Amino acid sequence: MIEEDLSYLSLSNVPGPFDPRGVISVATMMGLNELEDLEDEMDLRERWKVYTKAKDSAEDKVKSRRLENASWRLWSMERVRGGDLNKDLSEGVMLRALGESESREASSVDVNSKVNDNGNNLESLNLDMSHVPRGKERPPSPLLIPGQRIVSKETKKTVSPKGSPKKRGSAGNYDIVHVDDPTEVTNWQKLDPDVIGKNTQLLEFADQGTGDYRSPSFQVRYEDGSTLSPVYYFRHRILKGKSSMPEFFPNIYLTNLSEATTLVLELHDFVTGLVVELHYTVMHDYNAICRHVVFINNGDSSVSLQRVMSSTVDFDTDEYFLTQLSGSWARERQVVQTRLLDGITAFQRFVYAISILVRYEVDDCHSGRGASSHQHNPFAIISSGTPNEEHGAAFGFSLLYSGNFQLEAEISETGRLRVNLGINPQGFAWNLEPGESFCSPECVLVFSDEGIGGISRELHRLFCEHLIPQRWRNFVPPVLINTWEAVYFNISHEVVIELASKAKELGIELIVLDDGWFGHRNDTTSSLGDWYPNLQKLPYGLAGLSKEIHSMGLQFGLWFEPEMVSRDSELYSLHPDWCLHIPARGKTVGRNQLVLDFSRSVVRDYIFSQLSNILSSCPIEYIKWDMNRHLTEVFSQDWPASRQGEIAHRYVLGVYELLGRITNAFPHIIFETCSGGGGRFDAGMLYFAPQIWASDNTDAVSRIYIQYGTTLAYPICCIGSHVSTVPNHQTLRSTSMKTRSLVAMCGTFGYELDPRQLSEDEKGEIAAYIQLYKRLAHLIRKGNLYRLWNPFLSSSAAWMFVNNDASQALVFAFNIRREVGRLLPRLLLRGLCYETVYEVEELCPGKLVRNIDTGAIMLDPRGVYQYGENKKLLLSGRTLCCAGLPVKFLFDADSVLFELKAVTSALSLSSF
Ligand code: DGJ
């Protein structure tokens with residue numbers, strides 16, 4: 001690989017006439033210009049001597065006060081950086097704009113690092129901050145200021161334009177070389193510090209209030225009310241593997257240190273002692289970088305973090321489009337694409353008080369709900385040029401977080417784009433006491449030059465191999481039936497056993513007892529929090545039910561909603577203060593329930609013991625973890641006033657802790673998370689559970705949109721998807737069993753209907769589809785996904801799964817709305833090998849045909865094939881991809897499934 005110096009890119013910066021630029025020293029600000037004349041400007045002790053030479057005149061008295069202030073500043077810098085001020089300053093060069101600064105310090109790869117269970121490097125992130133210089137005993141800081149640079153001891157090529165270096169300090173394997181005129185050192189330095197203001201630069205992490213008027217990466221408030229905190233490069237380290245994150249933080253895990261390399265950039269605010277670590281993990285086998293940020297308060301007073309973006313990416317000028325996944329309950333993750341115009345396009349709800357924006361688009365992209373939400377998803381794609389499924393540069397952003405998030409895409413006046421992704425600042429304030437640290441959620445950045453499809457495949461691979469718990473990587477979940485749409489709350493031992501025995505006849509393998517089994521719950525008004533079986537409905541308890549179900553040869557699953565409490569519950573009467581609320585105010589109910597305060601360990605411990613009692617009481621193989629309302633009155637009784645801005649985030653951390661504890665305690669149980677359908681479908685949840693219920697809308701046509709959108713970010717294997725009855729309970733739409741089955745197959749595949757109500761034909765169909773799914777599941781779950789027809793742009797949808805060597809593929813196509821008399825374009829396939837011949841077979845033929853005498857659609861039980869009965873096509877990959885397959889749909893929500901198998905190379909096609 002050729003290593004190139006890309007610093008020339010900063011030459012594209014053009015100074016903005018009104019942009020603030022450069023930093024004036026404290027001394028200059030205070031009018032102490034005589035200090036500039038000191039020969040050795042590094043020697044602040046010498047400067048101090050000048051300060052103290054104040055005379056007695058009135059003017060001198062004013063000056064003396066200013067000198068006092070200056071001395072305080074200098075003293076505080078010394079204190080923050082620790083130790084000998086003169087020594088430190090003589091060893092460094094302060095770099096100004098991190099995003100366009102050179103990489104300065106010695107790199108070291110720690111090959112002896114330890115790795116934890118998740119493959120994270122345990123030694124790399126030490127949140128007790130013992131590695132951060134603080135106090136006298138800390139190592140001298142290689143603080144860098146203009147006029148110096150570091151060069152490798154081996155090369156030592158840097159020479160002052162006026163002659164040889166004046167002075168040399170030490171920084172490990174590198175020397176610090178002082179030069180007279182730093183602007184002569186490199187091209188970028190010539191332009192950068194004093195000519196190009198921050199507002200124009202492409203930055204990696206941006207502060208606010210010191211010249212960059214774009215949306216910042218972070219915001220702070222100090223005890224004195226000040227909000228500025230410019231941070232400067234201090235040093236960096238490079239680690240083999242990945243720096244560890246706090247326990248139960250969702251993150252991309254490694255199985256081997258050699259899978260990744262991590263760069264940790266350490267930035268300091270030298271005035272206050274705030275330290276910011278930017279962590280970048282480069283995944284070697286993926287076009288992916290994982291980023292997170294750690295704030296460390298290394299000063300002596302508290303600081304309030306008001307805004308924490310996990311990632312800031314500045315793009316050079318181009319025409320950019322944003323692809324986001326937005327929707328509502330029962331209409332989750334619809335693909336929304338917008339051309340970015342000047343100003344901020346943000347997924348969040350509150351309005352900024354920034355008046356300079358030409359255009360501000362608030363699209364209520366809401367993550368103020370305490371969960372990632374039905375409304376928006378912590379995921380986005382930036383495409384340069386019109387978004388394309390197959391071609392063009394695309395940049396994917398996925399935040400591994402299940403709470404309030406914000407994504408902003410800002411086109412500044414220069415036409416450059418900044419994308420920020422992190423915790424939603426609305427209501428967020430994290431109090432960082434001296435010595436404390438704060439770790440942001442992790443953000444995954446993915447690049448593809450194969451358009452949006454390439455982003456999806458890269459994320460799918462990464463999430464399957466490094467996010468979803470390893471034990472679920474290669475499994476195919478049992479085909480389940482869920483009692484919810486079959487009987488809703490009307491469950492009883494007999495009913496469940498009846499459903500189970502009918503399901504068993506169809507080939508179903510697991511029955512899930514959904515809502516209604518506990519306390520005295522018959523509707524949404526009671527019992528959440530009382531996690532013991534309702535013995536009126538289940539006289540033999542869960543143990544008796546589980547035993548009978550297992551004796552039928554089925555597995556048993558159970559529904560919980562651990563984060564909630566009903567006012568009509570024993571838990572609430574015992575602990576009315578355990579829910580989120582503000583004592584003097586009313587409590588807002590949603591679905592008749594309140595949200596437990598998961599920021600409190602006492603609450604989590606109680607729920608943990610309730611859940612673990614149940615899970616240990618009898619064999620249970622599956623848990624559905626629901627969350628049927630989002631947060632209000634986010635206020636905790638356990639935390640002081642100064643920490644109430646932390647509660648929404650602490651709530652999410654609490655959910656993670658409980659999920660982590662319970663999944664670790666019961667590792668054999670498949671967890672499926674859920675939030676009123678797909679209200680918390682995010683990468684944070686996938687760290688604990690291999691699947692997520694995608695939507696309460698089980699209508700096949702609605703699901704085509706929901707599942708298509710979901711696949712932009714998330715792999716098929718995690719998309720909870722069931723066949724339900726017709727007319728559908730959410731839309732009253734009727735679709736064929738074939739279409740319902742094919743849609744559900746492109747997900748976890750299960751059933752959500754009453755098998756006692758099925759006709760013999762339907763039973764036969766279901767049994768056949770279950771067999772078919774079993775045969776195809778591996779390819780569907782592990783294959784590379786290519787989306788072919790986009791339902792958001794046309795009236796049809798199609799996608800295909802191709803195995804790694806392109807020898808097998810499955811093509812699913814669906815009609816959404818049929819215009820009689822119109823034909824469809826040929827379906828151009830993708831991902832195949834051009835030189836290979838494939839046998840194309842249509843699986844599960846249709847059952848309806850048009851009577852050409854009457855024009856009416858009628859039943860044809862023999863089976864209706866696209867290319868004639870039992871006719872297989874033999875076509876090269878080139879033909880399938882370039883000429884495509886003709887597809888005929890007859891009616892709304894018609895569908896087709898083709899199986900492709902490589903039979904030989906194209907050279908021998910003529911022999912067929
Ligand atoms: C919402 C879920 O999405 C449904 O599947 C069902 O479990 C209900 N909650 C139960 O209350």
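All residue numbers in this chain count up from 1 along the given sequence. Source: prediction; values computed, not measured. Just so you know, ligand 1 is whichever comes first in the structure, and atom 1 is the first atom listed for that ligand.
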Near Cys674, which atoms of ligand 1 are under 4.0 Å from a heavy atom of that residue?
2 (C), 3 (O)
Show the atoms of ligand 1 that are less than 4.0 angstrom away from any heavy atom in Asn628.
1 (C), 9 (N), 11 (O)
Sidechain N-carboxylate O distance under 4.0 Å for Arg333, Asp682
no
Under a 4.0 Å N-O cut-off, is there an ion pair linking Arg591 with Asp626?
no
For ligand 1, indicate whether the residue Thr524 contacts it via side chain, backbone, both or neither (heavy-atom separation under 4.0 Å).
neither
What part of Glu561, side chain, backbone, both or neither, has a heavy atom within less than 4.0 angstrom of ligand 1?
neither
Is there any N or O on [X] that sits under 3.5 Å from an N or O of ligand 1?
{"X": "Arg521", "value": "no"}
{"X": "Gly677", "value": "yes"}
{"X": "Lys624", "value": "yes"}
{"X": "Glu752", "value": "no"}

Nearest heavy atom to atom 11 (O) of ligand 1: which of Asp515, Asp523, Asp696 does it belong to?
Asp515
Which heavy atom of Lys624 sits nearest to which heavy atom of Cys674, and what is that distance?
CE-SG, 3.8 Å
Looking only at heavy atoms, what is the nearest atom pair of Ile706 and Ala694, with distance?
CG2-O, 4.2 Å
What is the nearest protein non-hydrogen atom to atom 9 (N) of ligand 1, stated with its residue, atom name and distance?
Asp626 OD2, 2.7 Å
shortest atom 7 (O) of ligand 1-to-protein heavy-atom contact is with Asp514 OD1, 2.7 Å
If you measure from each heavy atom of Glu485 to ligand 1, is any distance below 4.0 Å?
no
Measure centre to centre between the rings of Trp625 and Phe688, then say whether the value is under 6.0 Å.
no
Please indicate whether Lys763 has more than 12 foreign heavy atoms, meaning atoms of other residues, nucleotides or ligands, lying under 6.0 Å from its NZ.
yes
Decide whether a cation-pi geometry holds between Arg703 and Trp693; the criteria are a distance under 6.0 Å from NZ or CZ to the six-membered ring centre and an angle within 45° of the ring axis.
yes
Can you list the steps and then say if Thr735 with Asp699 is a side-chain hydrogen bond (donor to acceptor under 3.5 Å, both in side chains)?
CA-CA 8 Å; Thr735 51; Asp699 170 68; 4.8 Å; no
